[in-house]
Every structure is written in structure tokens, then in C-alpha cells.
Asker: 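Input: one structure, supplied below.
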Amino acid sequence: MKSLFYITVCIVLLVSCGNKKTETPDDTPTSGVIAIASDGCFAPVVEEEIAVFESIYKEAGIVPYFSGETETINRLLRDSIRLAITSRPLTKEETEFMNTKKLFPRNIQIATDAIALIVNKQNTDSLIGIPALRDILTGKIKEWKELCSDNQSGRIEVVFDNPNSGTVRYAIDSICNGKSFSGDLHAMKENRQVINYVSQNRGALGIIGVNWISNPSDTSNMSFSENIKVMAVSPYRHATATNSFKPYQAYIALKKYPMSRPVYLILSDPRMGLASGFTTFIASDRGQRIILKSGILPATQPVRLVNVRNQL
């Protein structure tokens with residue numbers, strides 16, 4: 001009976017230790033393995049941030065899930081990840097829902113992104129106004145010749161990255177003023193497919209995050225990918241060379257480029273683990289310099305302004 005008692009006690013202790021190990025996270029601000037979620041619009045800069053962070057902290061591993069903005073937010077609400085990167089903060093209802101789970105999320109702006117309009121290199125159009133873009137998305141303008149183009153003809157094929165991305169939400173809310181799309185629109189699965197489609201189709205108009213088309217070899221951030229042409233955008237219907245701007249960092253900083261949006265880290269890490277450590281890194285001087293190099297505007301790093309004129 002005494003032996004049976006000791007065996008029983010040992011089993012209870014082993015089970016208790018096993019449960020305790022399972023319930024206690026083993027990540028710290030600079031070690032462990034976690035998953036994070038991000039809108040695919042920001043994949044290039046997020047991957048670069050992870051690569052540098054992991055090169056510094058050898059015991060840290062960060063696994064990113066790239067999808068649309070809706071799925072990214074849902075992962076956070078389901079508590080399957082503790083860090084999300086999106087172009088919008090949580091709504092009041094979403095915040096209250098997470099507060100009931102004792103997660104208390106924080107919205108931290110780390111950058112300002114720009115929505116770029118890209119066309120095929122053979123396309124003769126180089127300028128567009130926001131009112132005309134709105135008419136394209138809502139179906140009022142369907143042909144390139146309706147934009148007063150002398151040489152470009154054919155239907156306008158609008159291409160987005162993902163039907164649930166932050167780019168689509170921005171287009172509906174900020175360009176179309178809440179009106180539904182009704183033009184000739186296509187949704188791909190990711191931004192890379194948008195670039196490929198535009199580079200192969202003369203009538204395509206791609207709507208994409210600017211960090212996907214930045215030229216990493218250009219330290220001045222004054223050029224884009226050579227596979228496509230980037231349009232200059234004006235807030236006015238009559239776009240001219242003097243009132244239209246390309247999504248260069250300087251024009252984003254000066255608020256001259258009319259299609260920009262904030263980039264947020266949404267953190268729900270209550271115990272200062274690896275998610276908190278990675279957030280601190282991105283907000284630090286080194287993390288902000290990575291954002292500066294990516295072509296979008298960092299929240300804290302100064303941007304070098306170069307006095308040049310667009311070659312339209």
C-alpha cells in the first residue's frame with residue numbers, strides 16, 4: 001500500500017509539472033518562436049525586419065502569416081497570434097472584444113504607406129486624377145481613350161492584390177467614398193502577381209502598396225521597379241505635370257501624394273514576450289531605418305528631401 005501511495009504521488013507530480021510546462025510560454029523579448037500576421041501589402045518590409053531581428057537575436061524565430069487584412073485581424077481576435085500588421089487600427093468593438101479576454105491591445109503606428117498605381121511600360125498614360133480613378137473603379141470610365149489619351153486604347157483592367165486586403169478597403173473607403181466597385185476588376189492572391197500581370201498586359205492598371213515596387217538598389221528612393229511604369233497622381237480631375245506626384249517618400253512626407261495610409265502594429269502581448277520584443281525593435285532606430293530603405297515613410301526617421309521634378 002505504501003509503494004502504491006508513492007507511485008500515485010509521483011504520477012500526480014509528473015502530470016502537474018507537465019501541465020505547468022505547457023501553460024507557461026517559453027518566449028522572451030529576444031528568444032523563442034512565435035507566429036505573427038500581416039497584410040500581404042507589407043510583406044517585403046516585414047520580411048526584412050524579421051531577417052535583421054533574427055540575425056541579431058540568434059535564439060529568436062518569427063513565423064509570418066501573410067494574407068488579406070480581414071484574415072490578419074481575425075487571427076488577432078481569435079488569439080492565435082499576438083502581433084498583427086495592418087493599415088488600420090482595431091475598431092472600438094474589436095478593442096472591447098479583446099479587452100473582455102484580458103488582452104488589452106495597443107495600436108502603434110510605425111510608418112506611412114502609399115498606394116501606387118502601376119501600368120504596363122508600353123502604356124502612354126503617365127498622369128491620372130483621383131476623380132478619374134474613382135470613375136474607373138465605379139465603372140463610369142471603362143476605356144483608356146476616355147482619359148483623353150492620344151495613343152492608348154482598349155479596356156482598362158484594374159488589378160488588386162487580394163479581395164480582402166487593406167488596399168481594396170482603402171480604395172472603397174477613401175477613393176470611391178464608400179461606393180461599390182463596378183468596373184472591370186480582377187483580384188489576385190498576392191502583390192507579386194499584380195506586378196507580373198501588369199508587366200504582361202498593356203491595358204492593366206495595378207493598385208498596389210509602394211514597398212512592393214521600390215528599387216532596393218537606389219538609396220535615394222527616387223526610382224521604382226523597371227518592369228512597370230508608376231503613374232503620377234493628382235487630387236484634381238485635370239491632372240497636369242505640376243499638380244501630379246509619384247509616391248516618393250518626400251512627397252508622402254510633404255503630403256503632396258494624395259493616396260497614403262498609416263501602417264500599424266497591433267500588439268496584444270500581456271507578458272512582454274517575443275511579440276513585444278519584435279515590436280520594440282521595429283519602433284527602434286534600426287527598425288525604422290529598415291522601413292526608410294523600403295520606400296515607405298517611417299514614423300520617426302527623418303526623410304532626405306531632394307529637389308527634383310518628376311519625369312512624366
Asker: Look at the side chain of S244 and the backbone N and O of A241, then say whether any donor-acceptor pair between them is shorter than 3.5 Å.
Answerer: no

Asker: After noting the C-alpha distance and the side-chain angles of E146 and R155, does the key distance pass the salt bridge (charged side-chain N to carboxylate O under 4.0 Å, His left out) rule?
Answerer: CA-CA 10 Å; E146 297 178 68; R155 291 184 64 84; over 6 Å; no

Asker: State whether the side chain of N201 and the backbone N or O of Y197 hold a donor-acceptor pair below 3.5 Å, judged by distance alone.
Answerer: yes

Asker: How long is the span from the OG atom in S55 to the CD1 atom in I50, to the nearest 0.5 Å?
Answerer: 12.0 Å

Asker: Are V63 and I34 packed together at the side-chain level, in the sense that at least one heavy-atom pair is separated by less than 4.5 angstrom?
Answerer: no

Asker: Between S225 (side chain) and N227 (backbone), is there a donor-acceptor pair under 3.5 Å?
Answerer: yes

Asker: Taking the side chain as every heavy atom from C-beta outward, state whether V158 and L137 have any pair of such atoms under 4.5 Å apart.
Answerer: yes

Asker: Do the side chain of N120 and the main chain of V198 share a donor and acceptor less than 3.5 angstrom apart?
Answerer: yes

Asker: Judged by atom type as modelled, is there a donor-acceptor pair below 3.5 Å linking the side chain of D39 to the main-chain atoms of G166?
Answerer: yes

Asker: What do the steps show when you test L83 against L76 for side-chain contact (heavy atoms from CB on, under 4.5 Å), and what is the final call?
Answerer: CA-CA 7 Å; L83 179 61; L76 192 73; 6.0 Å; no

Asker: Is the shortest side-chain N to carboxylate O distance from E190 to R192 below 4.0 Å?
Answerer: yes

Asker: Following the transitive rule for hydrophobic clusters with a side-chain heavy-atom cut-off under 4.5 Å over Ile, Leu, Val, Met, Phe, Trp and Tyr, establish whether V263 and I290 coincide in one cluster.
Answerer: yes

Asker: Nearest 0.5 angstrom please: I172 CD1 to S180 OG, how far?
Answerer: 6.5 Å

Asker: Do Y264 and V168 share a hydrophobic cluster (ILVMFWY, side-chain heavy atoms under 4.5 Å, transitive)?
Answerer: no

Asker: Will you find, in the side chains of E69 and T86, an N or O donor that is under 3.5 Å from an N or O acceptor?
Answerer: no

Asker: Are I118 and I296 connected into the same hydrophobic cluster when the rule is that any two of I, L, V, M, F, W, Y join if their side-chain heavy atoms are below 4.5 Å apart?
Answerer: yes

Asker: Could you pull out the closest heavy-atom pair between S38 and V46, with the gap in Å?
Answerer: OG-CG2, 3.7 Å

Asker: For the residue pair L274 and A60, what are the closest heavy atoms and their distance?
Answerer: CD1-CB, 4.0 Å

Asker: So, S31 and T28: side-chain donor and acceptor under 3.5 Å apart, yes or no?
Answerer: yes

Asker: Nearest 0.5 Å please: distance from the CD1 atom of I207 over to the CE atom of M259.
Answerer: 7.0 Å

Asker: According to a 4.5 Å side-chain heavy-atom criterion applied to Ile, Leu, Val, Met, Phe, Trp and Tyr, with indirect links allowed, do L133 and Y236 form part of one hydrophobic cluster?
Answerer: no

Asker: Any chance you could lay out the side-chain contact (heavy atoms from CB on, under 4.5 Å) test for F181 and T138, step after step, and finish with the verdict?
Answerer: CA-CA 5 Å; F181 295 153; T138 55; 5.8 Å; no

Asker: Apply salt bridge (charged side-chain N to carboxylate O under 4.0 Å, His left out) to D135 and R237, showing your working.
Answerer: CA-CA 10 Å; D135 288 346; R237 179 170 291 277; 3.1 Å; yes

Asker: So R169 and S174, side-chain hydrogen bond (donor to acceptor under 3.5 Å, both in side chains) or not? Walk me through it.
Answerer: CA-CA 8 Å; R169 180 185 57 80; S174 300; over 6 Å; no

Asker: Check whether S214 reaches the backbone of S294 with its side chain - one donor and one acceptor, N or O, closer than 3.5 Å.
Answerer: yes

Asker: Side chain to side chain contact (heavy atoms under 4.5 Å, CB included) with F278: which of D269, L267, I36?
Answerer: I36

Asker: Does any part of the side chain of W144, heavy atoms only, come nearer than 4.5 Å to the side chain of T124, both counted from C-beta?
Answerer: no

Asker: Report the C-alpha separation of I62 and E54 in whole Å, then their side-chain angles, then the decisive distance to 0.1 Å, and conclude whether the side-chain contact (heavy atoms from CB on, under 4.5 Å) test is met.
Answerer: CA-CA 8 Å; I62 299 175; E54 292 180 341; 4.0 Å; yes

Asker: Is there a donor-acceptor contact under 3.5 Å from the side chain of K101 to the main chain of L77?
Answerer: yes

Asker: Once rounded to the nearest 0.5 Å, what's the spacing between atom CG of N107 and atom CG of L265?
Answerer: 10.0 Å

Asker: Test side-chain contact (heavy atoms from CB on, under 4.5 Å) on V119 and I228 and set out the steps.
Answerer: CA-CA 6 Å; V119 293; I228 45 82; over 6 Å; no

Asker: F53 and F281: ring pair (Phe, Tyr, Trp, His ring centres under 6.0 Å), yes or no, with the steps?
Answerer: CA-CA 7 Å; F53 183 82; F281 173 78; 5.4 Å; yes

Asker: Heavy atoms only: give me the nearest P163-A187 pair and the separation to one decimal.
Answerer: CD-CB, 3.7 Å

Asker: Is there side-chain contact between I73 and R88, with heavy atoms separated by less than 4.5 Å?
Answerer: yes

Asker: Can any side-chain N or O of Q249 pair as donor or acceptor with the backbone N or O of L292 at less than 3.5 Å?
Answerer: yes

Asker: Within the distance-only criterion (no hydrogens, no angle test), does the side chain of E71 pair as donor or acceptor with the backbone N or O of S67 below 3.5 angstrom?
Answerer: no

Asker: Please state whether the rings of Y248 and Y251 are parallel, tilted or perpendicular, taking 30° and 60° as the class boundaries.
Answerer: tilted

Asker: Does the distance from a Lys or Arg side-chain N to an Asp or Glu carboxylate O, for R202 and E157, drop under 4.0 Å?
Answerer: no

Asker: If you group Ile, Leu, Val, Met, Phe, Trp and Tyr by side-chain heavy-atom gaps below 4.5 Å, do L90 and I85 land in one group?
Answerer: no

Asker: Count the heavy atoms belonging to other residues, nucleotides or ligands that lie under 6.0 Å from CD of E226, then report whether that count exceeds 12.
Answerer: no

Asker: To the nearest 0.5 Å, what is the distance between OH on Y170 and OG on S165?
Answerer: 13.0 Å

Asker: With a 4.5 Å heavy-atom cut-off, do T72 and I266 have their side chains touching?
Answerer: no

Asker: Please determine if R82 and D27 form a salt bridge, counting it only when a charged side-chain N lies under 4.0 Å from a carboxylate O.
Answerer: no

Asker: Side chains of P44 and W212: closer than 4.5 Å at any heavy-atom pair?
Answerer: yes

Asker: If you count every heavy atom of other residues, nucleotides or ligands that lies below 6.0 Å from F66 atom CZ, does the total exceed 12?
Answerer: yes

Asker: Distance check, rounded to the nearest 0.5 Å: L297 atom CG versus Y257 atom OH?
Answerer: 14.0 Å

Asker: Heavy atoms only: give me the nearest G295-I252 pair and the separation to one decimal.
Answerer: O-CD1, 4.5 Å

Asker: Under the 6.0 Å and 45° cation-pi test, does R75 pair with Y65?
Answerer: yes

Asker: Is there side-chain contact between F104 and T95, with heavy atoms separated by less than 4.5 Å?
Answerer: no

Asker: Do you know which two heavy atoms are closest between M231 and L127, and how far apart they sit?
Answerer: CE-O, 3.4 Å

Asker: How about C41 and D161: do any of their side-chain heavy atoms sit closer than 4.5 Å?
Answerer: yes

Asker: Say whether, by atom type as modelled, one donor and one acceptor occur between the side chain of R134 and the main chain of I175 under 3.5 angstrom.
Answerer: yes

Asker: Have N196 and S199 got a donor and an acceptor in their side chains that come within less than 3.5 Å?
Answerer: no

Asker: Considering all heavy atoms of both residues, which atom of P270 and which atom of S268 are nearest to each other, and what is their separation?
Answerer: CD-O, 3.3 Å

